[in-house]
Amino acid sequence: MPASRHFCQKVPQATPVAVFKLSNDFKDDPNPMKVNLGVGAYRTDEGQPWVLPVVKKVEKLIVADNRLNHEYLPILGLPEFRSSASKIALGEDSPAIQENRVGAVQCLGGTGALKMGAEFLRRWYNGNDNMKTPVYVSAPTWENHNSVFANAGFKDVRPYKYWDAEKRGLDLAGFLGDLETAPKHSIFVLHACAHNPTGTDPTHVEWMQVAEVMERRKLFVFFDSAYQGFASGCLDKDAWAVRYFVTQGFEMFCAQSFSKNFGLYNERVGNLTIVARDADNVRRVLSQMEKIVRVTWSNPPSQGARLVAITLNTAELFAEWKDNVKTMADRVLLMRASLQAKLQALGTPGTWDHITQQIGMFSFTGLNPKQVEYMIKERSIYLMASGRINMCGLTTKNIDYVAKSIHETVVNVQ
Amino acid sequence: MRQTCNSDGGVGSTENVQARGITLLSIFVDTPTAEPNPETKLLADFKTDTHLRKVYLAGREYLNKEGQTSVSPLIGKIMQQICTDPTLCPEYPSSFGLPEFTRRATELVLGRDCHAIVENRVLGVQTVGCTGAVRLGAELLKHWYNVSGVWCGPVYLSSPCDDSLAGIFEAAGIQDVRRYRYWDTEQRGVGVQKMMEDLEMAPEQSVIVLSASAHCPTGSDLSQKHWRLLTQLMVRCRFFPFFLLPAQGLCHGDFQQDAWPVRLCASLGMELLCAQSFSHSFGLYGERVGHLLCVLKQSSTLLAVQSQAEKQVRALWSRPSVRGARVVATVLSNPAHHVEWQEGVKSMVERGILVRERLREKLRLLGCPGSWDHLIQQGGLYCCTGLNVQQVEFLEKRRHIYLHPNGCLNPQFCLAAPPGSLQRRHTPKLAVWLCLSTHRIIRVSCLRSPLPSL
């Protein structure tokens, strides 16, 4: 064997992805009472993943359909998926759609959509080289936002104030302040609804204030919409912010994920919706997107997109899907209400209204890192160091245990 | 109401926008229209061609007798099983993909007894097709080839190579992409001497992208003797091989033989990357089933490389899609399925060889100048005719027959009526005859003739 120096001899170990490590630790824990409140996926009351009934139905349709082939999809994806996915975000009667100034790129989940948007912006937004254009992500945010934009070549990814730990709510003044002081043309990543990880969304009035500043300061709007339908149970309600910005005349990107609201976690169904001034701009943007897609994954995978497209474009299936989504959202709301009620009944120190005020899959409990460590080590309840819990990890069977554990933790650990 | 007309003929209302004093100029106003990639342009030209007997020979897929991509009954059955399997749950897969898939994909290339596998110095990552594998490989090289700085190349690609390869490395931030001479027009085969000359000049630690078998787009591969010479050179010059293996089994009908160069390098203790695709061998193009194999020198580096790979995948697509990989894993893990699948692949290869032989025979019968033996010496999906740019243009513009500009074509498209052809409805068998002369006009004729059954 040649003794030549090998190139990966000194490869540094990357810091492990936190949520993956948490899942692994949970798996290895022998405690029968263990609860996993760290994963970002829906669970039934039996603690199981849920294949939506409409998804099962459509899968059978696809398998039985002889006309469907396994050819490459077009580079930008399945056309009927792209247009119906954009309609879901923007609304059927969106002025932008009617004015033919909406385009879309089918991507590998929400991550893929963010990636394509980021790669495009780094190349073409505001001049040809945007490595130094600031990209603002909320503090806190989904930790992959940082990686996606940094790996796309943006050198300056910064936080904007969002979560007020004391108030346990939105730091509106801080948010607006950062918008005012951001350099013009900065890119802002906004959570369309069900903010991850805090579960705290701006109200309509607050969104209007955000929009006003962003318009005045020419900031770029990049929505991340991973939970549409999942937050309130209603697709239109959850899309209010995105649609408001469209009516205000903004051009924008909206990265959509169908992982959660279709339960298609492993088929990687995402869509990057592009709203521009007119069709010609859309056309040019899409031509550049095609180039970017071609050197990343060439063509997107067909199964998930086909499934979503059939569902969205068939009236009865669409209705059934909305119903399935509401089922999931309702269970989350029920767990929120239960947890809050139990903590109040136990007399747990502090206020717990934020549990029911927050929305979507996640809740920022307000537990500090020491308390989180206690929960994990002493109670085998796994949650993120930030205090974020996945409400879907709660069931009618484990909610008492979790509530008592939180109570014990808050009382004993400061 | 003031309206703007755009070049697509659509109409956009700007009254509301104006009323709010928003600038009419789009953020995207300076975004130019991208040059279409050559393959897209060729297909678009073909589609707008109204000629009745137009033929498209530049397709990327394997076709059956009906001129369509298809999956075997075995694959169809497995897909059905997977669809109705109640034990499968819709969980996020790991960033590395399905473990059963990566294990089998790794074994398929290296062989189960490969030292590198036994010694635990192999990493397999499920990717989004072969493109995804190359992109991930490029990102990995960039981030850890040179710990003290960011490594930027050089990467050497064969001339010619797949259109998108250079762009993939550039997108990963590796700007120094160079070429080594590969296809020799005069010899109508691999110009080994020129290739070695070019590589001798490459700086140490260059990454050399090599086609393990069924080179795209020429179909011409190195002999085993030449592979041995090349690997000696690579070891001496400390090059890093990055193999492309998009159609293992479809070159020689033999999985071991098609992966032989990779196994050779692994047996010599080299580090390497290998980008694989299962699109062709399973007919699962739309499912994007790819794999990146990393062979390391020491098992102690495996964890570090694994963690870096996870980090890169997270920022690219987070996790791959599962369905296609599940089908492949199911087949490769079941000995009976595996055998049935391999038989299917062998018959695809036999059919491919038949087409090449028919092409060569027709050209001989026509008295076509030059030697056409290279058509049957090449293997896999592609074939390089040796036609020059002017001849290819003639075929396109005057005979409405579409080849890659470099003279390469997919012989399968000669045999059956290709997609888009008006004759597809009648499913005749088409054979394209190429007769060329340095002095005369190229003649092409279409022949209706029955295919001998295989």
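Note that the coordinates shown come from a computational prediction; the quantities given were computed from them, not determined experimentally.
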For [X], which atoms come within 4.5 Å of any heavy atom of chain B: side chain, backbone, both, or neither?
X	value
A:Arg306	neither
A:Asn151	side chain
A:Tyr72	both
A:Pro300	backbone
A:Ile62	neither
A:Ser259	side chain
A:Arg43	side chain
A:Glu119	side chain
A:Phe220	side chain

- Item | Sorted by number, residues from residues 290-297 of chain A in contact with chain B (heavy atoms, under 4.5 Å) | A:Glu290, A:Lys291, A:Arg294, A:Val295, A:Thr296, A:Trp297
- Task: Indicate the ring-plane relationship of A:Phe120 and B:Phe28, choosing parallel, tilted or perpendicular according to the 30° and 60° boundaries.
- Result: perpendicular
- Using the ring of each side chain (for Trp, its six-membered ring), is A:Phe245 parallel, tilted or perpendicular to A:Phe250, with breaks at 30° and 60°? tilted
- Would you name the heavy atoms of A:Arg217 and A:Lys184 that are closest together and state the gap between them?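 Closest approach of A:Arg217 to A:Lys184, heavy atoms only: O-CG, 3.4 Å.
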- Note on the structure: Minimal heavy-atom distance between B:Val235 and B:Met270, with the atoms involved, is CG2-SD, 3.8 Å
- Message: Please tell me whether B:Phe96 and B:Phe101 form a close aromatic pair, meaning their ring centres lie under 6.0 Å apart.
- Response: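 No, the ring of B:Phe96 stays outside the 6.0 Å limit from the ring of B:Phe101, centre to centre.
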- Message: Quick check on the 6.0 Å ring-centre criterion: do B:Phe282 and B:Tyr62 meet it?
- Response: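 Centroid distance B:Phe282-B:Tyr62: not below 6.0 Å, so no.
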Greatest number of heavy atom pairs closer than 4.5 Å to chain A - which of [options]:
options	value
B:Ala171, B:Pro32, B:Cys83	B:Pro32
B:Thr31, B:Val29, B:Leu165	B:Thr31
B:Met79, B:Glu35, B:Arg135	B:Arg135
B:Val134, B:Ile27, B:Asp30	B:Ile27
B:Gly132, B:Ser318, B:Ser279	B:Ser318

- Query: Do B:Glu287 and A:His70 meet the criterion of a side-chain donor-acceptor pair at a distance under 3.5 Å?
  - Reply: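 Their side chains do contain a donor-acceptor pair, which is all the 3.5 Å distance test asks for.
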With a 4.5 Å cut-off on heavy-atom pairs, point out which of [options] contacts chain B the most.
options	value
A:Lys60, A:Met116, A:Glu267, A:Glu251	A:Glu251
A:Leu286, A:Asn281, A:Val148	A:Asn281
A:Gln303, A:Glu59, A:Lys56, A:His185	A:Gln303

Counting only heavy atoms closer than 4.5 Å, note whether [X] contacts chain A via side chain, backbone, both or neither.
X	result
B:Arg326	side chain
B:Thr127	neither
B:Pro320	backbone
B:Thr40	side chain
B:Thr84	side chain

- Task: Any chance you could lay out the side chain to side chain donor-acceptor pair (under 3.5 Å) test for A:Asn266 and B:Glu91, step after step, and finish with the verdict?
- Result: CA-CA 6 Å; A:Asn266 57 18; B:Glu91 286 290 276; over 6 Å; no
- Item | Electrostatic pair B:Arg60:B:Glu39 at N-O distance under 4.0 angstrom |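 Salt bridge present between B:Arg60 and B:Glu39.
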- Item | Test: B:Arg314 and A:Glu143 ion pair at under 4.0 Å |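 Yes.
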Give, for atom [atom1] of [X] and atom [atom2] of [Y], the distance between the pair rounded to the nearest 0.5 Å.
X	Y	atom1	atom2	result
B:Cys294	B:Leu273	SG	CG	5.0 Å
A:Leu264	A:Ser257	CG	OG	9.5 Å
A:His145	A:Thr111	NE2	OG1	8.5 Å

- Query: What do the steps show when you test A:Leu272 against A:Leu114 for side chain to side chain contact (heavy atoms under 4.5 Å, CB included), and what is the final call?
  - Reply: CA-CA 7 Å; A:Leu272 179 70; A:Leu114 287 163; over 6 Å; no
- Assess B:Arg319 against B:Tyr92: is NZ or CZ under 6.0 Å from the centre of the six-membered ring, and within 45 degrees of the ring's axis? yes
- Step-by-step ring-ring contact (aromatic ring centres under 6.0 Å, His included) determination, A:Phe258 to A:Phe81: CA-CA 11 Å; A:Phe258 292 89; A:Phe81 166 75; 5.7 Å; yes
- Any chance you could lay out the side chain to side chain contact (heavy atoms under 4.5 Å, CB included) test for B:Leu316 and B:Val313, step after step, and finish with the verdict? CA-CA 5 Å; B:Leu316 282 169; B:Val313 169; 5.6 Å; no
